[in-house]
Amino acid sequence: MLRSVQRKYAAPLKSQALNQKLNRLVAAARTPRMASTSSGQQSRSILWFRKGLRLHDNPALRDACTGSAAVFPIFIIDPYFLQKANYKVGVNRYQFLLESLTDLNSSLIGLGSQLLVLRGTPEEVLPKVLRDWGIKKLCYEIDTEPYAKVRDSRVDDMAREAGVEVKKHWSHTLYDTDMLVRENKGKAPLTMQAFEKLVDRVGQPLAPLPAPTARLPPVDVSLPGIKDTEVGVPTWQEMGYKEAPTSIFKGGETEALKRLEHYMKDTKWVASFEKPSTDPTAFIEPATTVLSPYLKFGCLSARLFHQRLLDVYRLHPKHSQPPMSLRGQLLWREFFYTLGSHTPNFDRISGNPICRQITWDSNPELFKAWRDGATGYPWIDAAMTQLREWGWMHHLARHAVACFLTRGDLYLSWESGKEVFEELLIDADFFINSANWMWLSASAFFAQYFRVYSPITFGKKYDKDGAYIRKFLPVLKDMPAKYIYEPWTAPREVQQRANCIIGRDYPAPIVDHAAASKECIARMGAAYKATNTGGAAKASPAKAAPSGDASTSAAAEAPPKKKATGKRAASTDQDNKRQKTLEETVTRKKGGKKEAGK
DNA sequence: AGGCGGTTGGATCG
DNA sequence: CGATCCAACCGCCT
């Protein structure tokens, strides 16, 4: 490890000449032809916001404004994202979106424009407004998620039929990820190392565009469907949510830029940042930047973040390196976007050529306990509670709960875990979420399935007294530190003094980790022998028999598609009476962002 | 065919 | 705190 770090330190970002050449080429290709006012004065354009909820580094915005007498910035409230059976969005992420829209609207108003929030499916809404408003040009940011690809190709067809020019721009990712794949002989890299090499070869991303400062072409409010009452940003209640949002993070470009600058100011911290050594239990101030939700919605441009990092690295030549550095985090995002948008069924096991076809158990009771933070392991349950309340938890906390659900303890499918994250995380991102679940379940990318996180000792390593647990599981707030990670081991009188009886006020553990993890490792070994990824069938099934002792009866993996229903060690009753205190009063003690150690 | 590296394991030893 | 074991995976590179 040390050696590889040193090797990478010695090889800084290279091929500047190539970078600059590429930058010039692409910049030239997308420079608006300002001069041609030929189609000019009468022309009306739509700027369609989907992600990319910002004014800075927004090439679609610049394009829409170029040569247009009127520009209509729209956002469409697509019912698709509210269909519960399809793609659940929890109230915290929806609220984050609404806040982002509100912020975007204020910024647009400041430039003499405004955001028009339209209701309906894009396929219905767009043809109507293209016609009603006499639109000549439709501009938007490219989105490579499967749903967006289908939606946009339909919209493109409709626009073409209506004689409307469609202009699409790459600005959600650092690069045109299709170009990266082309540059890699048409194949998306499967390892981070290979991806880093590819990126090094291609050169630096384009410099971000500045936000416009001059007034934008106006919205023609006399046209049909643009009364204030029809185009305002709705509330979460109007979107049909029954429970109020509880996240502490506020959406919007303004907030994103503030957060970015706050973290970039501490240049030593930025330069020494190494993700694996950040503290998952820090909660007064999280140990990482929490810029992910802003990147997800495009409140923050990845290219701006990247540029600001390079600025800091120039001040600190001995800065940390990918994959662990902050820049490395952006490259992980880019890697998963690139691979994910070129892999079918990336969010599923079935039909996913990079995903190992493991037959996981099905057990609704265990799954529910995990989802609801009622496993009886306080570290796991606190993390799941933070997820539900804040819509965010540290990356390593995600590791811990994902490992617990899948290969570590419960042996349940990563797909169901992914769906819970997809609902609850404010930064839930199609490609990144799926990729990380495959990673943690050792279904792709990662194969050392015998490295299992302990639901007891992992959190303890960072937070001996359990402040994180006390914060998110107040029912355990008076449990002595000695027992807080394993409260079932506390003597009865200790439980009584702490006002927390295990099995009554807080659940007993649903599995015995020592036994469960041992069994899981054995089953993973068998699964690895018996299965392959969803792609080409590799070799023969080999012997599927567990090698060692008869640690598990169900060790031999059935071929894909078969459902095993083996259940786990005795699951105790989980009557949890613990109250959720969604509103916590002022947080106290401990925290501050930690310097990344080494 | 074999060695190496792999963003983030745990327990135990010194 | 660092090394070693645990049991031993994968893809990639040579």
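All heavy atoms count here, side chains included; hydrogens, waters and symmetry mates do not. For clarity, every value in this text was computed on a predicted model and none was experimentally measured. Below, read A as the first sequence line, B as the second, and so on, with proteins coming before strands; counting in each chain starts at 1.
Heavy atoms of F446(A) sit nowhere under 4.0 angstrom from any nucleic acid atom. In this structure, K197(A) reaches the sugar-phosphate backbone alone: every heavy-atom distance under 4.0 Å involves primed, P, OP1 or OP2 atoms, never a base.
dG3(B) and dA8(C) have their C1' atoms separated by 14 Å, with the value rounded to a whole Å. When the P atom is compared between dA7(C) and dG5(B), the two are found 24 Å apart, to the nearest whole Å. Nucleotides dG10(B) and dC10(C) have their P atoms positioned 22 Å apart, rounded to a whole Å. For the P atoms, the distance linking dA11(B) with dC9(C) amounts to 22 Å, nearest Å.
Computed from coordinates, the L190(A) CG to dG6(B) C1' distance equals 14 Å when rounded to whole Å.
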Produce the list of close N/O pairs, under 3.5 Å, pairing protein atoms with atoms of nucleotides 11-14 of chain B; give distances to one decimal.
| residue | atom | partner | partner atom | Å |
| --- | --- | --- | --- | --- |
| dA11(B) | OP2 | T457(A) | OG1 | 3.3 |

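Contact between the side-chain N/O atoms of Q193(A) and the OP1/OP2 oxygens of dG6(B) is found at a separation under 4.0 Å. A close approach under 4.0 Å does not occur between any side-chain nitrogen or oxygen of K461(A) and OP1 or OP2 of dT8(B).
Closest to the side chain of T191(A), from the set dT7(B), dG9(B), dC12(C), is dC12(C). Distances from the side chain of A447(A) to the nucleotides dT7(B), dG9(B), dC9(C) place dC9(C) closest.
By the 6.0 Å and 45° rule, R348(A) does not stack over the aromatic ring of F346(A). For the pair R356(A) and Y528(A), the cation-pi test (distance below 6.0 Å, angle within 45°) is passed. Geometrically, R259(A) does not engage Y294(A) in a cation-pi contact, judged by NZ or CZ lying under 6.0 Å from the ring centre and within 45° of the ring axis.
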Reading 5' to 3' and counting Watson-Crick or G-U wobble pairs with both distances under 3.5 Å, write the dot-bracket notation for DNA chain B, | for bases paired outside the strand.
||||||..||||||
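Judged as a salt bridge (charged side-chain N to carboxylate O under 4.0 Å, His left out), and not counting sequence neighbours, the contacts of E486(A) are K460(A).
Here the rule is ring pair (Phe, Tyr, Trp, His ring centres under 6.0 Å) with Y411(A), and of W360(A), F404(A), W370(A) only W360(A) fits it.
Between E365(A) and K368(A) there is no salt bridge, since no side-chain N of the basic residue sits under 4.0 Å from a carboxylate O of the acidic one.
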